[in-house]
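Every value quoted in this text rests on a predicted model; they were computed, and no experiment measured them. All chains are named by letter (A, B, ...) in the order of the sequence lines, taking the proteins before the strands, and each is independently numbered beginning at 1.
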Amino acid sequence: MIIKQLSVFLENRSGRLSEMTKLLAKENINLSALSIAETSEYGIIRTVVSEPEKAKDLLQQNNFSVSLTDIICLNMPNKPGSLAEGLDILSQHDISVEYMYAFSHGEEAFAIIKTDNLIETVSILEKEKLDLLQAEELYNI
Amino acid sequence: MIWNKQKECIPRSQMKEWQNKKLKETVNTVYHNVPYYRKKMQKKNIKPSDITGLSDLKKLPFTTKEDLRNNYPYNLFAVPLSQIIRVHASSGTTGKPTVVGYTREDIATWSEVVARTLHCAAIGKDDFIQIAYGYGLFTGGLGIHYGSEKAGSTVIPVSGGNTAKQIQLLKDFGSTAIACTPSYALYLAEALQKEGINPADLELEIGILGAEPWTDSMRSEIEKKLQIKAYDIYGLSEIIGPGVASECHEQQGLHINEDHFLPEIIDPETKEVLTEGDKGELVFSTITKKGLPLLRYRTKDLTHLNYNKCACGRTLVRMEKCLGRSDDMLIIRGVNVFPSQIESVLLKMSETKPHYQLIVDRENNLDILEVQVEVKNHFFSDEIKELEKLKSRIKKNLENTLGLSAKIKLVEPQTLKRSTGKSQRVIDRRELK
């Protein structure tokens, strides 16, 4: 249920994101989802990739600051209210969302979520019969 | 290991006697052989006979880098040029370089004091010393070279730079000691890591590091990363080059070869001589040099002296590791800031590398200090609030130490310029002149 997300520290310099993605492309690593959190000086890339460990080593060797972070991917019907329902459950259990990014595809929608207590989050959402994706499923969307 | 027990462990009373005698000789020589000094002394109304010993030292005029520049290149030499067998020069940060000259006897003295330096750091005839200071006009390379030969060590004269070569020689030639700047030692440690070489697999055990100020925290970092014992050595070309002072295994200050170089500590503002133990600017009078004897040369290095006998057995006075130079001191919003202070704050925080850059600028007539810090990979968090917390912790720690608030900028690892010579860690964009 828990998926490894690749996080990368990037200074706000032109070409840096392109360098990073080129490195991954060269090693045939696919990006399934990606978001950028930015401040005035630096950005943090959060991305789900096909081979997280390999990607991490590769970027580290190329002097990037990288870490792997545990996240979950919530699979919902692509219709109004789905996300609200999931978030409501989390808030009822006092789970805070650290960050989230989401996308939809056909009948389905997906939210990648990092919370302050991921293990508890998983058990709560499973108890409520919500669908969490395995890493492989996310890579194959 | 002590190279010259007779001189290095001499009773203090005998040392003073020697210094009295040698100082008088030197004053006499410069008065008669160096017109510039004669004029300076006449201006102060002093004759050589007025200098009866150490207690009269304070009557003598100071010498500054400016004086050497004014006498460029050879006008301060005290012997005919035919007796000078070598010149060195330090690159001038402003204007012309500072030129120094050595007689055959000076080269012998220099070799002697460097041999002492090596023994002080437990480097002897069984050692292979890789000299990674630059050879050439800079005194570092050739100074250590001659002293190492005198001490009987095997010299590997690789000179500065060319890191790939340095690493190859460290591996293949079995260097047990290295002489370089502390920042280069760190650079080398990183390069070894990149190559996947474990320093513990090398023969390297000792580093004699100098030519730039460095902190004790940086020493620990170097010792850990290179798996060596790192000794601070001190010297400046105007006095002789490396070999002026060096640490012994006690590492409680650097022993000054004061039978050749007579130290004083002055207040850099009032120029008054300070009492023993007070921190101030280090001033040297050379008392055995023939080619270029200097009276009361102002080093601009800040330190204090300790005359207590060292546990190593040496009676030579010790100077504290230099805490900065009076001329690299930054004044930011009226606050005195030494780059070495910032370095020690950063090194105490495990998250940050000792690689940093200071940018001083002026916005709306207000000085701004920006500290760029490399974020270590293992610390990196993907949450902005964690990175912002790191920034504010650095900011707070700096503020506590400096009494000054600074803007912190986190940068990617390996992006700040590595210096292979003297660190250039400050960019001052203010136009104050």
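The minimum heavy-atom distance linking R46(A) with E383(B) is given by the pair NH2-CA, 4.1 Å. Scanning all heavy atoms of the two residues, the minimum distance from F380(B) to S7(A) falls at CE2-O, 3.3 Å. Of all heavy-atom pairs between E38(A) and I384(B), the closest is N-CD1, 4.3 Å. E412(B) and N63(A) get closest at one heavy-atom pair: OE1-O, 4.3 Å. For E388(B) against T39(A), the heavy-atom pair with the smallest separation is OE2-CG2, 4.4 Å.
Remark: E107(A) CD is loosely packed, at most 12 non-hydrogen atoms of other residues, nucleotides or ligands lying under 6.0 Å away. The local environment of CZ in F103(A) is crowded, with over 12 non-hydrogen atoms from other residues, nucleotides or ligands closer than 6.0 Å. At most 12 non-hydrogen atoms from other residues, nucleotides or ligands lie less than 6.0 angstrom from CG of N28(A). Around CD1 of I119(A), the count of heavy atoms belonging to other residues, nucleotides or ligands within 6.0 Å does not exceed 12. K54(A) NZ: more than 12 foreign heavy atoms inside a 6.0 Å radius.
Only the side chain of Q5(A) comes within contact range of chain B, with at least one heavy atom under 4.5 Å from a heavy atom of that chain. Contact annotation for L10(A): both backbone and side-chain heavy atoms come within less than 4.5 Å of a heavy atom of chain B. For a residue to count as touching a neighbouring chain, one of its non-hydrogen atoms must lie under 4.5 Å from one of that chain's; by this rule E11(A) touches chain B with backbone and side chain alike. With a 4.5 Å cut-off on non-hydrogen atoms, T69(A) touches chain B through its side chain but not through its backbone. Both the backbone and the side chain of F9(A) come within contact range of chain B, judged by heavy atoms closer than 4.5 Å.
Panel note: side chain E41(A), backbone K409(B); no donor-acceptor pair is recorded below 3.5 Å.
Checked against side-chain hydrogen bond (donor to acceptor under 3.5 Å, both in side chains), E108(A) has the following partners two or more places apart in sequence or in another chain: N75(A).
A heavy-atom distance below 4.5 Å is found between the side chains of I44(A) and L387(B).
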